[in-house]
Protein chains: 2
Amino acid sequence: MLNSTSLIAEARTKLEGYLLKKGLRRSSERFAILEEVYSRDDHFDAEELYQAMHQRSFAVSRATVYNTLEVLVDCHLVRKNQFGDEDNTKSRFEKSLGRQQHAHLICVNCHRVMEFCDPRLQLIKTTVGNTLQFHVESHSLVFYGECSDEACVARTKAAAENAAMQ
Amino acid sequence: MLNSTSLIAEARTKLEGYLLKKGLRRSSERFAILEEVYSRDDHFDAEELYQAMHQRSFAVSRATVYNTLEVLVDCHLVRKNQFGDEDNTKSRFEKSLGRQQHAHLICVNCHRVMEFCDPRLQLIKTTVGNTLQFHVESHSLVFYGECSDEACVARTKAAAENAAMQ
DNA sequence: CTAGCTGCAAACGGTTTGCACAACG
DNA sequence: CGTTGTGCAAACCGTTTGCAGCTAG
């Protein structure tokens with residue numbers, strides 16, 4: 001029953017409740033951005049979201065994109081990730097409603113993002129909290145390596161040979 | 001036997017070997033920066049290293065700090081971390097020789113950095129590599145939460161009460 | 001000598017901010 | 001209507017880059 005449509009509806013309801021509780025305004029921009037976020041299944045950055053909003057002909061400013069993403073992160077409808085790969089600096093976002101927290105795998109060659117769940121991470125979290133008297137709220141686990149996508153492997157191999165020639 | 005002095009000596013030797021192998025120059029700046037890095041035990045950013053070099057009256061430019069840090073990361077004498085805490089964007093570095101890879105705990109209140117090792121992470125790494133046909137090269141595990149340092153707890157509590165009053 | 005390094009300052013790119021105008025409640 | 005949100009462009013800040021000396025090899 002958790003198909004895409006009902007997920008968006010649930011997200012909209014949750015955002016509405018959060019805005020009311022916090023005394024924030026239910027502006028059309030905020031809901032339009034939520035809609036866009038929940039229509040995608042990837043890990044996007046702020047600029048990609050900005051561009052997508054323009055293509056969907058609901059033009060919002062970059063400032064509003066950043067502002068709204070912060071709101072959505074605060075009410076746990078969106079997760080913000082800082083993958084330390086090539087694009088060092090920028091954050092990437094993903095919807096979070098109905099999705100358990102997971103680890104990310106980043107291909108250092110093609111920057112593909114994959115996801116992976118492992119219950120042992122939960123155990124580590126508990127151990128570390130107890131050992132160091134630290135109240136763990138959230139975590140980020142990222143693996144860096146090489147994916148096995150054919151095109152990526154071929155491209156990387158070619159690049160390596162090219163480099164060796166010099 | 002692995003006291004601080006011998007660690008620095010070992011690091012210097014390793015850097016020298018790496019520079020020779022790669023045909024890079026053994027400039028005094030590079031060794032001076034290595035020295036500073038191995039004299040500290042914290043997680044520092046580029047600017048802090050730059051400032052420390054100036055206080056140690058071996059003034060180098062920011063460009064050289066960044067350049068040298070990259071060299072040191074390449075030859076595995078330094079680890080580069082992107083903690084996604086408040087200081088969103090900047091990288092933090094730590095010496096790596098003779099230290100096993102570890103997870104980091106970041107206090108969301110005082111930004112203290114702690115370290116923690118757990119062998120189960122290795123197991124997850126193996127599983128994830130096999131499951132997704134992904135050749136894992138490295139990883140980053142960061143826990144965010146609240147530390148139990150007295151001063152931090154007190155400060156956070158005061159801030160919360162202050163916020164509630166408005 | 002001369003390729004590679006350093007220093008400086010300007011450029012860069014993602015994000016934040018200040019301010020004028022618009023619109024939710 | 002008063003307060004909050006939005007849009008725009010400028011500011012910010014960590015990092016990178018271009019270029020003119022400098023220096024290790």
Side-chain angles (χ1 to χ4, degrees), chain A residues 12 15-34 36 43-54 57-75 78 80-93 111 166, chain B residues 12 15-34 36 43-54 57-75 78 80-93 111 166:
Chain A
R12 207 185 288 110
L15 175 57
E16 198 153 8
Y18 177 82
L19 294 176
L20 281 171
K21 192 182 68 187
K22 290 274 184 176
L24 300 172
R25 293 189 181 163
R26 286 169 288 166
S27 71
S28 57
E29 288 83 354
R30 287 176 174 159
F31 287 97
I33 289 175
L34 179 72
E36 172 62 27
H43 300 76
F44 55 90
D45 60 44
E47 183 65 21
E48 283 164 353
L49 182 53
Y50 171 80
Q51 295 298 341
M53 293 304 292
H54 280 250
S57 53
F58 195 112
V60 293
S61 71
R62 263 171 269 260
T64 299
V65 166
Y66 282 102
N67 164 25
T68 302
L69 280 173
E70 194 183 333
V71 170
L72 296 178
V73 169
D74 283 348
C75 63
V78 166
K80 179 176 183 173
N81 300 109
Q82 329 259 162
F83 302 141
D85 64 333
E86 202 160 35
D87 281 329
N88 234 319
T89 154
K90 70 183 164 198
S91 302
R92 289 200 251 163
F93 302 86
H111 306 108
Q166 296 181 14
Chain B
R12 207 185 290 108
L15 174 57
E16 196 152 10
Y18 177 82
L19 294 175
L20 280 171
K21 193 181 68 188
K22 290 273 186 176
L24 300 171
R25 292 193 183 159
R26 287 169 287 166
S27 70
S28 56
E29 287 84 354
R30 285 175 175 161
F31 287 97
I33 289 174
L34 180 72
E36 172 62 28
H43 300 76
F44 55 90
D45 61 44
E47 183 64 22
E48 284 164 351
L49 182 53
Y50 170 80
Q51 297 297 343
M53 292 304 292
H54 280 248
S57 57
F58 194 112
V60 294
S61 70
R62 262 172 267 262
T64 298
V65 167
Y66 282 102
N67 164 24
T68 302
L69 281 173
E70 193 183 334
V71 170
L72 296 179
V73 168
D74 283 347
C75 64
V78 166
K80 180 177 185 173
N81 300 109
Q82 328 261 160
F83 303 141
D85 64 333
E86 203 161 33
D87 280 330
N88 234 319
T89 154
K90 69 181 164 199
S91 301
R92 290 202 249 162
F93 302 87
H111 307 109
Q166 300 182 9

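Keep in mind that what you see is a predicted model, and the values were worked out from it rather than measured. In what follows, chains carry the letters A, B, and so on, assigned in the order in which the sequence lines appear, proteins first and then strands, with residues in each chain numbered from 1.
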Upstream residue (5' side of DNA chain C) when A:Asp45 and B:Tyr50 are each assigned their closest nucleotide: B:Tyr50
Separation of atom CD in B:Glu16 from atom C1' in D:dG25, rounded to whole Å: 13 Å
Side chain of B:Val60 (C-beta onward), nearest among C:dG7, C:dG25, D:dG5: C:dG7
Nearest-angstrom distance from the residue atom CZ of B:Phe44 to P of D:dT15: 12 Å
Contact nearer the 5' end of DNA chain D, comparing B:Ser27 with A:Val65: A:Val65
Note: A:Arg92-A:Glu48 ion pair, threshold 4.0 Å (strictly below): no
Backbone N/O of A:Thr64 and side chain of A:Thr68: donor-acceptor pair under 3.5 Å: yes
Flag side-chain contact, heavy atom, 4.5 Å: B:Leu69 against B:Phe93: yes
B:Arg26 CZ - D:dG25 C1' separation (whole Å): 8 Å
Distance-only donor-acceptor test, B:Arg25 side-chain atoms vs C:dG4 base atoms, 3.5 Å: yes
Integer-rounded Å distance: C:dT15 C1' and A:Phe93 CZ: 10 Å
Rounded distance in Å - CD (B:Gln51) to P (D:dG14): 11 Å
Side-chain N,O (A:Arg62) to OP1/OP2 (C:dG14) below 4.0 Å: no
Phosphate-side-chain proximity, A:Ser61 and D:dC8, N/O vs OP1/OP2 below 4.0 Å: no
Under 4.0 angstrom between A:Ser91 side-chain N/O and C:dG14 OP1 or OP2: no
Options C:dG14, D:dT6, C:dT6, nucleotide nearest the side-chain atoms of B:Glu29: C:dT6
5′-ward residue of the pair A:Thr68/B:Lys80 relative to DNA chain D: A:Thr68
Interatomic distance where CG belongs to A:Leu34 and P belongs to D:dG5 [whole Å]: 16 Å
Interatomic distance where CE belongs to B:Met53 and P belongs to C:dT6 [whole Å]: 11 Å
B:Glu16 atom CD, over 12 foreign heavy atoms within 6.0 Å: yes
Options D:dG14, C:dT6, C:dT15, nucleotide nearest the side-chain atoms of A:Tyr66: C:dT15
A:Thr89 side-chain N/O to C:dG14 phosphate OP1/OP2 under 4.0 Å: no
Side-chain N or O of B:Asn67 closer than 4.0 Å to phosphate OP1/OP2 of C:dT6: yes
Donor-acceptor pair, side chain of A:Asn81 and main chain of A:Phe83, under 3.5 angstrom: no
Separation of C:dC5 C1' from B:Phe58 CZ (nearest whole Å): 13 Å
